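The basis for the numbers below is simple: all heavy atoms, side chains too, and nothing from hydrogens, waters or symmetry mates. Not measured: the values here are computed from a predicted model.
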Amino acid sequence: MFYHVKTVTPKDNFILSVLFTDGVKTEYDIKPLFDKWEVFNDLKTIPGLYQQVKVDAGGFGISWNDNIDLASEELRLNGVICTDNNILKITAAKVVGNYMLLLTFSSGEKRIFDATQLTGSAYEPLKDIKIFENFKLSHGVITWMDEEIDCAPEYMYKNSYEYTELNISKQKV
């Protein structure tokens, strides 16, 4: 799927506010790119360069100059989805397979989350499928065991993938 950027706005602390042509808005943190690609350090060291970000022709990405750019898919898939009040919430959820959840977010997007990636002692009780399937949606957050265990919607969004009917049909229900 191709995403097209409509507008991009540089915010404080090297966060970009990105609006896509389908109405979805993300916030993308470019700070991790400073360590990943040396060229992005210019955004810190060259005065005013960071503020000069612009949408590329066709909306397929953004750029600052000929050397520094980002694809629209990067901005969409690795940005944090924002809603009108800037708080991402889960509005509906259902089990669709073995440790798989179909989540509907406040942005309107539906995504598949594989809960086997929830590791560590805090999530140990979820290895019991009956406990996992007995989740509750509380104030936009998935919780288990009377809200003793939870997972941030932002984490679930970032670590899930786009829902299609095909995704579900491949899962063993």
Exercise for the section: Start with the C-alpha distance between Leu33 and Leu43, add both sets of side-chain angles, then the distance that settles side chain to side chain contact (heavy atoms under 4.5 Å, CB included), and finish with yes or no. Expected result: CA-CA 10 Å; Leu33 303 180; Leu43 299 176; over 6 Å; no
Practice task
Indicate yes or no: at least one non-hydrogen side-chain atom of Asp42 is less than 4.5 angstrom from one of Trp64.
Solution key: no
Handout entry: Same cluster (ILVMFWY, side-chain, under 4.5 Å), Ile15 and Leu75
Key = no
Exercise for the section: State, with a plain yes or no, whether a side-chain heavy atom of Pro153 is found less than 4.5 Å away from one of Ile90. Expected result: yes
Practice task
Working to the nearest 0.5 Å, report the span between CZ of Phe2 and OG1 of Thr21.
Solution key: 13.0 Å
Practice task
Flag the pair Lys110 / Leu102 as yes when at least one side-chain heavy-atom distance between them is below 4.5 Å, and no otherwise.
Solution key: yes
Exercise for the section: Indicate yes or no for a side-chain donor-acceptor contact from Asp22 to the backbone of Val24 under 3.5 Å, with no hydrogens or angles considered. Expected result: yes
Handout entry: Check against side chain to side chain contact (heavy atoms under 4.5 Å, CB included), Leu70 and Tyr28
Key = CA-CA 11 Å; Leu70 289 169; Tyr28 185 88; 3.8 Å; yes
Handout entry: Under 3.5 Å: donor-acceptor pair, side chain of Thr104, backbone of Thr91
Key = no
Practice task
Could you list the residues that satisfy ring-ring contact (aromatic ring centres under 6.0 Å, His included) with Tyr123, not counting sequence neighbours?
Solution key: none
Handout entry: 4.5 Å side-chain heavy-atom contact, Phe113 and Met100
Key = no
Practice task
Output the distance between atom OG1 (Thr143) and atom CD1 (Ile149), rounded to the nearest 0.5 Å.
Solution key: 9.5 Å
Handout entry: Arg111 to Tyr157, cation-pi by 6.0 Å centre distance and 45° axis angle
Key = yes
Problem - Of all pairs that satisfy salt bridge (Lys or Arg N to Asp or Glu O under 4.0 Å), the ones with a partner from residues 134-159, not counting sequence neighbours - result: Lys136-Glu147
Fill in the blank from the handout: One should read off an interatomic distance between Lys36 NZ and Lys31 NZ, to the nearest 0.5 angstrom, of 15.5 Å
Problem - Asp114 side, atom CG; Asn98 side, atom CG - distance, nearest 0.5 Å - result: 9.5 Å
Problem - Check against side chain to side chain contact (heavy atoms under 4.5 Å, CB included), Cys151 and Ile142 - result: CA-CA 6 Å; Cys151 187; Ile142 299 288; 5.5 Å; no
Handout entry: All pairs passing side chain to side chain donor-acceptor pair (under 3.5 Å) where residues 45-54 contributes a residue, at least two apart
Key = Lys54-Ser63
Exercise for the section: Take Arg76 and Thr26 through the side chain to side chain contact (heavy atoms under 4.5 Å, CB included) test and state the conclusion after the steps. Expected result: CA-CA 7 Å; Arg76 176 71 168 254; Thr26 65; 4.3 Å; yes
Problem - Beyond-backbone contact of Val95 with Phe132, side-chain heavy atoms, under 4.5 angstrom - result: yes
Fill in the blank from the handout: The residue among Asn134, Asp128, Ile129 that forms side-chain contact (heavy atoms from CB on, under 4.5 Å) with Ile131 is Asp128
Handout entry: Single-linkage hydrophobic cluster, 4.5 Å side-chain cutoff, Phe34 and Val53 together
Key = yes
Handout entry: Minimum-distance pair of heavy atoms, taken over all atoms of Met156 and Phe105
Key = C-CZ, 4.2 Å
Practice task
Indicate if Val96 and Tyr161 have the same hydrophobic cluster label, given that clusters are the connected sets of ILVMFWY residues with side-chain heavy-atom separations under 4.5 angstrom.
Solution key: yes
Exercise for the section: Check each of Leu16, Thr7, Asp56 against Ile62 using the side-chain contact (heavy atoms from CB on, under 4.5 Å) test, and report the only one that passes. Expected result: Leu16
Practice task
Can you measure from CD1 (Ile68) to CG (Asn41) and round to the nearest 0.5 angstrom?
Solution key: 9.0 Å
Problem - Hydrophobic cluster membership, Val55 vs Val18, 4.5 Å side-chain cutoff - result: yes
Completion exercise
Residue pairs meeting salt bridge (Lys or Arg N to Asp or Glu O under 4.0 Å), one or both in residues 44-53, sequence neighbours left out, come to none
Handout entry: Distance-minimising heavy-atom pair for Trp144 and Phe135
Key = NE1-CB, 3.3 Å
Exercise for the section: Scan for salt bridge (Lys or Arg N to Asp or Glu O under 4.0 Å) pairs involving residues 92-107, sequence neighbours excluded, and state none if there are none. Expected result: none
Problem - Side chain to side chain, His4 and Ser72, heavy atoms closer than 4.5 Å - result: no
Completion exercise
Distance col, row Leu137:CG vs Lys89:NZ, nearest 0.5 angstrom, shows 10.0 Å
Practice task
Identify the two heavy atoms, one from Ser121 and one from Pro125, that lie closest to each other, and give their separation to 0.1 Å.
Solution key: O-CD, 4.0 Å
Exercise for the section: State which residues pass ring-ring contact (aromatic ring centres under 6.0 Å, His included) with Phe20; sequence neighbours excluded, sorted by chain then number. Expected result: none
